Amino acid sequence: MLPVPSDHRGMSLEDDTLKLLIWRRKAPKFTTFRINSLVTTPSHCMDTLKLALLKLSESRAASGQDSTVPPIWSHPLLPEAIAYGSWARNGDLPRHESEVIVDPACGAAVLRGAHVFVPGVVGLLPGAKEGDIVSIYADIEARCKRGWAQRLEAENRYFVGNGVLLMGRKDIFCDNGIGRGIAVQVTDNESGCPSLPANSISPGLAVMQNLPSIVCGRVVNPQPGEIILDMCAAPGNKTTHLSMLMKNQGVVIALDRSATRTSKLRQLCKDMKVKNVTAFVCNSVNAVINSNTQIEGVKYGHQSHNQSGPPFPINTFDRVLLDAPCSALGQRPKLEQIDFKHVTSLPPLQKKLFETAVKLLKPGGTLVYSTCTVVVDENEGIVRWALDHFPCLELVPAEPYLFPSVSNQDVSMILSPFERSCVQKYVPHGNLEENHCERDTIGFFIARFFKRV
Ligand SMILES: C[S@@+](CC[C@H](N)C(=O)[O-])C[C@H]1O[C@@H](n2cnc3c(N)ncnc32)[C@H](O)[C@@H]1O
């Protein structure tokens, strides 16, 4: 069901895909990190970030830009979450004659504070040369082939920032494949998000993670010594959070269908000194031993587990996180068009994965279902289906709550008032000027179930 439901805080997004598109294009004004308490403290990371922001602000002051250091906070309920704000802005950024066209993913990265790397560039006007001051536009309609040499019409492009061109066409669109390095040093982006150097916080000390994803790990609430399944785990942001909450004690089994993403997960575990995660490349739909072939008496104790991959016997895990593959319409900034066919193809896969999750969960265990989308069929629709199909499941409050659930007509027809009060949903809201890190964030959905004994 699209578009997204209305929001009780005021703005209705029903039947208004355009508003969703506008919201997706804006970067949240806050950049959130999750601190790895296995190896560091929030205050250490906040001090490091403060220093990095101060340095940036000095260089901005030197070039005459607004240099008020963005605020930095730690979250009162989630000590592992810290966030910093954006540069203040008086008026619009100037637009320059010389233009660089980038692909939508590169455009979104610029809005998040990145520079423009060569592979992201699709177009540059003839005659553009190193040292030119340029405006950067994203090719939101995917009109340009690599090497494009004209201006894009206003309705097909989206302004993301300004910068200094560091190389000309010849180096960017070189004949022998794709060049490397920074093509445009971004001096100001449209979102005001600071361009902190990638290594501002050493790898392993913290990861950039949106606030609702951090809440999701807390809703799972894993305990030291338990055995946890993370069914769609890569690249491991939530897996490593679970492990951190368990103080590295117990077992986390991380599954993902993508081998490349699973390698990233393993690397993240290494960087973060996470020791109780074992990862497997696996289609999680098939992660349960078929009931006909179930091996009686196999115990997945903490010792044997490291050697034992999927499929697993039924009733194996204390807690299961199903952070499902989804349409990701809550992710922002995103500059691509929405692929509606893809959106409608997802609930059948989500249901198959859910069915496996229920089988693998121990009676008395906790199942958390989450997505980073705002589509009702992928969220409340799955909860309704699950409650109707699995009498063993009970919907329980997805605490801790940062956001109350959403009430609107669509959702009221699917979930009862009590059920609506249990789930947690982050949705776009009307006031794009909202200035709060819990409100100006990504779209996300969390539901928690208890499996009756
Ligand atoms: C929302 S992302 C997971 C993000 C991850 N939980 C984190 O916090 O870093 C969804 C993941 O599901 C994986 N996936 C998709 N279909 C799957 C399947 N049938 N079995 C296992 N993983 C699957 C994708 O490869 C992708 O990595």
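Computed from a predicted structure; not experimentally measured. In what follows, every heavy atom counts, from backbone to side chain, and hydrogens, waters and symmetry copies are set aside. In listed order, ligands and their atoms are each counted from 1.
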(request) Just need the protein heavy atom nearest to atom 22 (N) of ligand 1, so name the residue and atom and give the distance. (result) R257 N, 3.1 Å

(request) Answer yes or no: does an N/O atom from G236 fall short of 3.5 Å to an N/O atom of ligand 1? (result) yes

(message) Could you identify the single nearest non-hydrogen protein atom to atom 6 (N) of ligand 1 and state the distance to 0.1 Å?
(response) D323 OD2, 2.7 Å

(message) Can you report which non-hydrogen protein atom sits closest to atom 24 (C) of ligand 1, along with the distance?
(response) D256 OD1, 3.5 Å

(request) Can you establish whether the number of heavy atoms outside K451 located under 6.0 Å from its atom NZ is more than 12? (result) yes

(request) Using a strict 4.0 Å cut-off to heavy atoms of S284, name the atoms of ligand 1 that fall inside it. (result) 18 (C), 20 (N), 21 (C)

(request) Examine the proximity of ligand 1 to C282 and report which part, side chain or backbone, both or neither, has a heavy atom under 4.0 Å away. (result) backbone

(message) Just to confirm my output: which protein heavy-atom neighbour is closest to atom 8 (O) of ligand 1, and how far is it?
(response) K238 NZ, 3.0 Å

(request) Measure the spacing between CE of M208 and CG of L196 and express it to the nearest 0.5 Å. (result) 7.5 Å

(message) Give me the nearest non-hydrogen protein atom to atom 4 (C) of ligand 1 as residue plus atom name, then the distance to 0.1 Å.
(response) A234 O, 3.2 Å

(request) Could you list which atoms of ligand 1 come closer than 4.0 Å to a heavy atom of N283? (result) 18 (C), 19 (N), 20 (N)

(request) Could you tell me whether N237 and ligand 1 have an N or O pair separated by under 3.5 Å? (result) yes

(message) Quick check for you: to the nearest 0.5 Å, what is the distance between L78 atom CG and R34 atom CZ?
(response) 11.5 Å

(request) Report yes if C232 has an N/O atom closer than 3.5 Å to an N/O atom of ligand 1; otherwise report no. (result) yes

(message) Under 4.0 Å, counting heavy atoms only: does S213 come that close to any atom of ligand 1?
(response) no

(message) I need the atoms of ligand 1 closer than 4.0 Å to a non-hydrogen atom of P325, numbered in the order shown.
(response) 15 (C), 16 (N)

(request) Please name the residue in the list V252, D256, D323 that meets the side-chain contact (heavy atoms from CB on, under 4.5 Å) test with T239. (result) V252

(request) Please indicate whether any nitrogen or oxygen in L255 is less than 3.5 Å from any nitrogen or oxygen in ligand 1. (result) no

(request) Check each of I101, V160, V121, N189 against I136 using the side-chain contact (heavy atoms from CB on, under 4.5 Å) test, and report the only one that passes. (result) V160

(request) May I ask whether M231 has any heavy atom positioned less than 4.0 angstrom from an atom of ligand 1? (result) yes

(message) Keeping K273 on the side-chain end and G204 on the backbone end, is there a donor-acceptor pair under 3.5 Å?
(response) no

(message) If we ignore hydrogens and angles and just use 3.5 Å, is the side chain of S243 paired with the main-chain N or O of T240 as donor and acceptor?
(response) no

(message) Suppose we call two aromatic rings close when their centres sit under 6.0 Å apart. Are F449 and F390 close by that rule?
(response) no

(request) Heavy-atom distances under 4.0 Å are what count here, so tell me which part of A233 touches ligand 1: side chain, backbone, both or neither. (result) backbone

(message) Just verifying a value: how many Å separate I72 CD1 and F33 CZ, rounded to the nearest 0.5 Å?
(response) 8.5 Å

(request) Enter the distance from T48:OG1 to L205:CG here, rounded to the nearest 0.5 Å. (result) 7.5 Å

(request) Could you list which atoms of ligand 1 come closer than 4.0 Å to a heavy atom of S258? (result) 25 (O)

(request) Would you mind telling me if ligand 1 is within reach of the side chain of R261, the backbone, both or neither, using heavy atoms under 4.0 Å? (result) side chain

(message) Taking S213's backbone N and O only, do any of them form a donor-acceptor pair with N210's side chain (distance below 3.5 Å, no angle check)?
(response) no

